[in-house]
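Quick caveat, the model's predicted, so the values are computed rather than measured. One is the number of the first residue; the rest follow in order along the sequence.
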Amino acid sequence: QVQLVETGGGLVQPGDSLKLSCTASGRTFTSISMGWFRQAPGKERVFVAAISWSRGRTLQADSVKGRFTISRDNAKNTVYLQMNSLKPEDTAVYYCALGVLLTSTEKSYDYWGQGTQVTVSS
């Protein structure tokens with residue numbers, strides 16, 4: 001059974017940085033992709049970024065390009081989301097997901113973490 005555990009959320013001020021982590025367990029990970037999605041209050045969950053496990057190819061939503069960076073540590077089965085220059089509109093629950101394809105399509109991901117809250121407020 002695959003498990004994804006996110007950590008690193010919290011309350012920060014506009015302009016601050018935060019780094020989220022997601023560690024996967026339960027199987028051997030080879031040809032997979034891992035992604036980050038977020039859901040703001042009253043809104044649908046949307047794609048943020050994704051990375052392929054083997055080659056490290058990445059995808060990012062336009063709204064976070066230049067501010068957020070996704071990376072992975074294969075040895076630790078962990079994917080990171082470095083978030084810089086945070087804005088109030090980045091406030092959301094951030095979810096980690098695991099799938100086969102490198103894609104921004106939510107339904108392509110088979111496993112999901114429980115989510116971690118990120119709040120950007122002055």
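- Residues Gln114 and Cys96 have side chains not in contact (no heavy-atom distance under 4.5 Å, counting atoms from C-beta outward).
- The closest side-chain heavy-atom distance from Asn77 to Trp53 is below 4.5 Å.
- When side chains are defined from C-beta on, Thr91 does not count as touching Val118, because their heavy atoms never get closer than 4.5 Å.
- In this structure, the side chain of Gln60 engages the main chain of Phe68 through a donor-acceptor pair within 3.5 Å.
- Interatomic distance, Ile32 CD1 to Ile51 CD1, rounded to the nearest 0.5 Å: 10.5 Å.
- We find the CZ-CE distance between Arg38 and Met83 to be 9.0 Å, quoted to the nearest 0.5 Å.
- Other residues, nucleotides and ligands place no more than 12 heavy atoms under 6.0 Å from the CD atom of Gln3.
- Counting non-hydrogen atoms of other residues, nucleotides and ligands closer than 6.0 Å to CD of Glu89 gives a total above 12.
- Looking at Arg45 and Glu106, their side chains come closer than 4.5 Å, going by heavy atoms from C-beta outward.
- Using a 4.5 Å cut-off between side-chain heavy atoms of Ile, Leu, Val, Met, Phe, Trp and Tyr, with links allowed through other members, Val2 and Val100 fall into different hydrophobic clusters.
- Counting only heavy atoms from C-beta outward, the side chains of Cys22 and Met34 approach each other to under 4.5 Å.
- Cluster partners of Tyr95, using a side-chain heavy-atom cutoff of under 4.5 Å among ILVMFWY residues and allowing indirect links, are Phe37, Phe47, Leu59, Val93, Leu102, Tyr109, Trp112.
- For Thr103 (side chain) and Thr105 (main-chain N/O), a donor-acceptor pair under 3.5 Å exists by modelled atom type.
- How far CZ of Arg57 is from CD1 of Ile70: 13.0 Å, rounded to the nearest 0.5 Å.
- In terms of hydrophobic clustering, with Ile, Leu, Val, Met, Phe, Trp and Tyr side chains grouped at heavy-atom distances under 4.5 Å, Leu18 and Trp36 are assigned to a common cluster.
- No donor-acceptor contact under 3.5 angstrom links the side chains of Ser52 and Ser33, judged on distance only.
- Looking at Asp90 and Lys87, no side-chain N of the basic residue comes within less than 4.0 Å of a carboxylate O on the acidic one, giving no salt bridge.
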TODO: Report the C-alpha distance between Leu20 and Thr7 in whole Å, list the side-chain angles of each, state the deciding distance to 0.1 Å, and finish with yes or no for side chain to side chain contact (heavy atoms under 4.5 Å, CB included).
DONE: CA-CA 6 Å; Leu20 305 182; Thr7 57; over 6 Å; no
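- Under the 4.5 Å side-chain heavy-atom criterion for grouping Ile, Leu, Val, Met, Phe, Trp and Tyr, Tyr80 is not connected to Val64 through any hydrophobic cluster.
- Among all heavy-atom pairs drawn from Gln39 and Glu44, the shortest one is CG-C, 4.0 Å.
- Side-chain contact annotation: Ser17 with Asn84, donor-acceptor N/O pair under 3.5 Å present.
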- [ ] For the pair Thr78 and Thr23, evaluate side chain to side chain donor-acceptor pair (under 3.5 Å) and give the outcome as yes or no after the intermediate values.
- [x] CA-CA 4 Å; Thr78 299; Thr23 300; 2.9 Å; yes
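- Remark: Lys43 engages Ala40 in a side chain to side chain contact (heavy atoms under 4.5 Å, CB included) (not counting sequence neighbours).
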Open item on the list: What verdict does the side chain to side chain contact (heavy atoms under 4.5 Å, CB included) test give for Val120 and Asp16, after you've listed the backbone C-alpha separation in whole Å, the side-chain angles of each residue and the deciding distance to 0.1 Å?
Closed with: CA-CA 8 Å; Val120 185; Asp16 284 352; over 6 Å; no
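- Residues Leu86 and Arg67 share a closest heavy-atom pair of CA-NH1, 3.9 Å.
- For Ser121 and Thr119, the side-chain atoms include no donor-acceptor pair closer than 3.5 Å.
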